[in-house]
Amino acid sequence: MSPVEVLANQLRPDRGWSEHLGPEFRQPYMQQLADFLAREERAGKVLFPASQHCFNALNTTALSDVSVVILGQDPYHGPGQAHGLCFSVRPDVATPPSLVNIFKEIQSDLGIEPPDHGCLQPWAEEGVLLLNSVLTVVQGQAGAHQRQGWERFTDKVVETINRERDGVVFLLWGSYARKKGQHIDRNRHLVLEGPHPSPLSAYRGFFGCRHFSRANDWLQQNGQQPINWALPSRAELMARYRG
């Protein structure tokens, strides 16, 4: 198989995305991106997340289930962290600072105690699309795969949600995520913008934004189920996915 066919085969055909995103894999930019990723691997570079988790956000949250979208920038670049969901890490990995601040805001907003891990897989299974703008990175090199084509692909993801779904809440934190806002019809969807939860910017308005309660209020007003932002304990989570 060609590099682009290998990449395309990582996208599950039963989640509703392939119908809308499949044609992207025939575009020259996507073929160039696949060739670039293959060259990076041949050069011995370690890419995160592992290729089978590249589309984890789309493979976990079906298009028909999307009710909230959280947009990140690019994957974590430390060993064992990235698993294809923005801001999320595996349950046995230390919770990164930005996610610590997200949990602090949830506690302030909804009174939910922070979990003892940083795995957001249960959110994704509930309809929260945890989408990075760039889906791969080189170990130890933040932003290494920016401007290689991923941004165009994830723009298409946002455009698809905007067109195919109604009443979705988009949480856009930081200038990088807010750029995606140009693809969203704000008459049909709720767009909540704020500073990034990074320790460098969280105190400039992320804390106190109450995006989590506002998202649930909007969903309920539009006849949808609110998101359960409480996460199971690490032990419960490990048992759930082990089983």
Side-chain angles (χ1 to χ4, degrees), residues 11-12 14-21 55-73 84-88 98-99 101-115 119-133 153-197 202 205-232:
L11 188 64
R12 282 178 53 176
D14 62 339
R15 309 306 279 168
W17 298 103
S18 294
E19 175 187 351
H20 306 283
L21 301 177
F55 295 125
N56 196 18
L58 300 174
N59 288 339
T60 303
T61 311
L63 174 58
S64 60
D65 293 336
V66 174
S67 57
V68 176
V69 178
I70 297 178
L71 285 170
Q73 188 163 335
L85 304 177
C86 75
F87 292 107
S88 180
S98 292
L99 186 52
N101 286 340
I102 289 172
F103 290 152
K104 285 181 180 178
E105 175 57 23
I106 290 174
Q107 183 175 25
S108 172
D109 187 11
L110 296 169
I112 296 171
E113 290 289 326
C119 181
L120 307 181
Q121 186 83 16
W123 290 359
E125 293 171 358
E126 253 201 275
V128 182
L129 183 68
L130 298 165
L131 181 70
N132 276 313
S133 294
F153 179 79
T154 53
D155 280 350
K156 187 68 175 180
V157 174
V158 174
E159 290 170 6
T160 298
I161 298 166
N162 177 68
R163 183 183 65 250
E164 300 295 325
R165 301 284 293 144
D166 285 307
V168 172
V169 182
F170 290 84
L171 305 183
L172 309 183
W173 302 326
S175 59
Y176 204 90
R178 287 199 295 272
K179 290 177 183 176
K180 297 285 191 189
Q182 64 184 317
H183 303 289
I184 303 166
D185 181 352
R186 300 180 187 224
N187 292 318
R188 294 174 48 235
H189 305 287
L190 177 64
V191 178
L192 298 176
E193 299 181 351
H196 194 277
F206 178 78
F207 289 137
C209 67
R210 303 196 67 213
H211 282 180
F212 302 95
S213 62
R214 291 169 66 186
N216 278 353
D217 288 347
W218 166 272
L219 293 175
Q220 289 179 296
Q221 289 165 11
N222 285 271
Q224 300 184 64
Q225 286 293 318
I227 300 298
N228 178 13
W229 297 107
L231 291 164

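- One distance of note links CG of Asn216 with CG of Asp109; it measures 9.0 Å at 0.5 Å rounding.
- Side chain of Thr61 to backbone of Val66: no donor-acceptor contact under 3.5 angstrom is found.
- Formation of a donor-acceptor pair under 3.5 Å by the Glu126 side chain with backbone atoms of Asn228 is found in this model.
- The closest donor-acceptor contact from the side chain of Arg165 to the backbone of Ser67 lies at 3.5 Å or more, if one exists at all.
- The side chain to side chain donor-acceptor pair (under 3.5 Å) test with Thr154 is passed by exactly one of His183, Glu159, Lys180: Lys180.
- At least one side-chain heavy atom of Val157 sits less than 4.5 Å from a side-chain heavy atom of Leu129.
- With a 4.5 Å cut-off on side-chain heavy atoms, Arg163 and His20 count as touching.
- For Gln220, the CD atom is densely surrounded, since the number of other residues' heavy atoms within 6.0 Å is greater than 12.
- Here CZ of Arg12 is found 7.5 Å from OG1 of Thr60. Values are rounded to the nearest 0.5 Å.
- Between the Gln224 side chain and the Gly167 main chain, a donor and an acceptor come within less than 3.5 Å of each other.
- The shortest heavy-atom contact between Leu120 and Leu85 is C-CD1, 4.3 Å.
- Side-chain atoms of His189 do not come within 3.5 Å of backbone N or O of Phe170 as any donor-acceptor pair.
- A side-chain donor-acceptor contact under 3.5 Å links Glu105 to the backbone of Gly208.
- Looking at Arg15, its side chain does come within 3.5 Å of a backbone N or O of Asn59 through a donor-acceptor pair.
- A 4.5 Å side-chain heavy-atom check between Leu21 and Thr160 finds at least one atom pair inside the cut-off.
- Of the possible polar contacts, none joining the Ser108 side chain to the Lys104 backbone as a donor-acceptor pair under 3.5 Å is found.
- Crowding of Glu19 atom CD: a count of heavy atoms from other residues, nucleotides or ligands under 6.0 Å not exceeding 12.
- Below 30°, between 30° and 60°, or above 60°: for Trp123 and Phe103 the angle between ring planes is above 60°, a perpendicular geometry.
- Close placement of the Trp173 and Phe87 rings is indicated, their centers lying within 6.0 Å of each other.
- Residues His211 and Val169 have side chains not in contact (no heavy-atom distance under 4.5 Å, counting atoms from C-beta outward).
- Residues Cys86 and Leu131 form no side-chain contact, since every pair of their non-hydrogen atoms from C-beta on lies 4.5 Å or further apart.
- Within the 4.5 Å cutoff, the side chain of Ile102 has no heavy atoms near those of the Ile70 side chain.
- Between the side chain of Arg178 and the backbone N or O of Gly194, at least one donor-acceptor pair lies under 3.5 Å.
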